[in-house]
Number of protein chains: 2
Amino acid sequence: MTTHLTIGELARGTGTKVETVRFYEKSGLLPAPGRTAGNYRAYGPSHLSRLSFIRRSRDLGFSLDQVRELLDLADERDRSCEAIDAIAKAHLAEVERKIADLTALRQELDRMITQCGCGTVADCRIIDALSPRVA
Amino acid sequence: MTTHLTIGELARGTGTKVETVRFYEKSGLLPAPGRTAGNYRAYGPSHLSRLSFIRRSRDLGFSLDQVRELLDLADERDRSCEAIDAIAKAHLAEVERKIADLTALRQELDRMITQCGCGTVADCRIIDALSPRVA
DNA sequence: ATACACCCTGTAGCAACTACAGGGTCAAGC
DNA sequence: GCTTGACCCTGTAGTTGCTACAGGGTGTAT
């Protein structure tokens, strides 16, 4: 009679929604746990730590595919961690690209907004900026 | 016999995929054009400029809902453009929030990666950073 | 006994497209 | 006139990462 966690407890313990836990199971990220007599999922500590790993990775913006890879790699304890490094670096590059994109965007939006004198729509600089040049 | 554009020409003219044009029509963003005898969509200049507006807005990161609003507002030429300003400002705020989030993320990823000495997985700092503290 | 919180499965929905499948149309070339 | 090929049509399903039911069953407290 080892104590186990219900799906609700596991979810609360990791800041996850119950549906999301089931979704991770269906996606093959979280192994299917045993069941109680009443067909309830019964989780152990390994599930808790695996789910925590998933959540942290997700919070850091890794995709589910990347998380899957990281989990697989994490299990091969004595291999080189180059592959892990590569995933992290790829993700970092992606994040940096997004930052650059958004920063350029911010500038454009900023420019658009400061030009808007908030008169009528007809001479709104925002609409103007969005409208195609008449050829 | 006014010249008209086929969907492919319209798409090429605005840097859009054909399927996306049809998708915009189904979503109510682009009015359904007339048809030729052979049931081909026949677009005019108004479609071209409307689709350009949509693409520009999308490139600036506005959601389709926001684009819909902007399009509606843009047509009421003599109303005040406050509402437009509000949408743009809300979007700018959203972009700034994302930049802040991603910047924090980058820092964490950076820290993780520089700590990785790239030895074996067992002492990989990245996996370490992702793993839950053992209570 | 019955209320209530929780669990189960399965399906459908969100954004914003993208990618077929399985057809029809049209202009050019032989 | 017939075929080839590029284009067009509709409709549906896939993508990512969940979230939200619907329609049930379970467990516990009163």
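Numbers restart at 1 for each chain; the letters A, B, ... are given by sequence-line order, proteins then strands.
Taking atom CG on A:Leu10 and atom P on C:dC6, their separation rounds to 15 Å, with Å as the unit. In this structure, the NZ atom of B:Lys26 is 14 Å from the P atom of C:dA15, given to the nearest Å. B:Asp59 places its CG atom 14 Å from the C1' atom of C:dC17, with the value rounded to the nearest Å. Atom CG in B:Leu60 sits roughly 17 Å away from atom C1' in C:dA16 (whole-Å rounding).
For B:Glu108, there are no side chain to side chain donor-acceptor pair (under 3.5 Å) partners at least two apart in sequence or on another chain. Residues that satisfy the ring pair (Phe, Tyr, Trp, His ring centres under 6.0 Å) test with B:Phe53, not counting sequence neighbours, are absent from this structure. By the side-chain contact (heavy atoms from CB on, under 4.5 Å) test, B:Ala83 is found to be paired with B:Leu73, B:Arg79, residues two or more places apart in sequence or in another chain being considered.
Heavy atoms of B:Arg22 sit under 4.0 angstrom from at least one base atom. Backbone-only engagement by A:Thr6 is indicated by non-hydrogen atom pairs under 4.0 Å involving sugar-phosphate atoms exclusively. Looking at heavy-atom distances under 4.0 Å, A:Tyr24 makes contact with sugar-phosphate atoms alone, never a base. Within 4.0 Å of A:Ser63, counting heavy atoms only, lie sugar-phosphate atoms of the nucleic acid but no base atom.
Residue pairs satisfying the salt bridge (charged side-chain N to carboxylate O under 4.0 Å, His left out) criterion with at least one member in residues 57-68 of chain B, sequence neighbours excluded, are listed as follows: B:Asp65-B:Arg68. Pairs passing the salt bridge (charged side-chain N to carboxylate O under 4.0 Å, His left out) check and including a residue from residues 3-22 of chain B, sequence neighbours excluded, do not occur.
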Atom pairs and distances, donor-acceptor, side-chain atoms in residues 110-119 of chain B, under 3.5 Å, two or more places apart:
from, atom 1, to, atom 2, distance (Å)
B:Thr114, OG1, B:Asp110, O, 3.1
B:Thr114, OG1, B:Arg111, O, 3.1

Quiz: residues 29-42 of chain A side-chain donor-acceptor pairs under 3.5 angstrom, not counting sequence neighbours:
from, atom 1, to, atom 2, distance (Å)
A:Arg35, NH1, A:Asn39, O, 3.1
A:Arg35, NH1, A:Asn39, OD1, 3.3
A:Thr36, OG1, A:Gly38, N, 3.2
A:Thr36, OG1, A:Tyr40, N, 3.0
A:Arg41, NE, A:Glu25, OE1, 2.8

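Comparing the axis of the opening five pairs of the helix from C:dA1-D:dT30 to C:dC30-D:dG1 with that of the closing five pairs yields an angle of 30°, rounded to 10°.
Of all the residues in residues 29-51 of chain B, B:Arg35, B:Asn39, B:Tyr40, B:Arg41 reach under 4.0 Å from DNA chain D with at least one non-hydrogen atom. For residues 89-108 of chain A, proximity to DNA chain D is found at no residue, defined as any non-hydrogen atom under 4.0 angstrom from a strand atom. For DNA chain C, the residues of residues 13-21 of chain B within the heavy-atom distance limit of 4.0 Å (strictly under) are B:Lys17, B:Glu19, B:Thr20, sorted by number.
To the nearest 0.5 Å, atom CD of residue B:Glu69 and atom OG of residue B:Ser57 are 12.0 Å apart. Taken to the nearest 0.5 Å, the CD1 atom of B:Ile54 stands 11.5 Å off from the CG atom of A:Leu130.
No side-chain heavy atom of A:Tyr43 sits under 4.5 Å from any side-chain heavy atom of A:Leu51. For the pair A:Ile99/B:Arg106, a side-chain contact is recorded, criterion being any heavy-atom separation below 4.5 Å from C-beta on. Considering only heavy atoms from C-beta on, B:Asp128 comes within 4.5 Å of B:Arg125 through its side chain.
At a cut-off of 3.5 Å, with distance as the only test, a side-chain donor of B:Tyr24 or B:Arg55 sits close to an acceptor on the other residue.
Between chain A and DNA chain D, the heavy-atom contact criterion of under 4.0 Å yields a 5' to 3' nucleotide range of D:dG17 to D:dG27.
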Could you walk me through whether B:Leu109 and A:His91 pass the side chain to side chain contact (heavy atoms under 4.5 Å, CB included) test, one step at a time?
-> CA-CA 8 Å; B:Leu109 286 171; A:His91 181 42; 3.5 Å; yes
Evaluate the side chain to side chain contact (heavy atoms under 4.5 Å, CB included) criterion for residues A:Phe23 and A:Leu64: first the C-alpha distance (whole Å), next the side-chain angles of each, then the deciding distance (0.1 Å), finally the verdict.
-> CA-CA 11 Å; A:Phe23 167 75; A:Leu64 290 189; 3.7 Å; yes
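Counting all heavy atoms, side chain and backbone alike, A:Ala11 lies closest to A:Val21 at CB-CG2, 4.2 Å.
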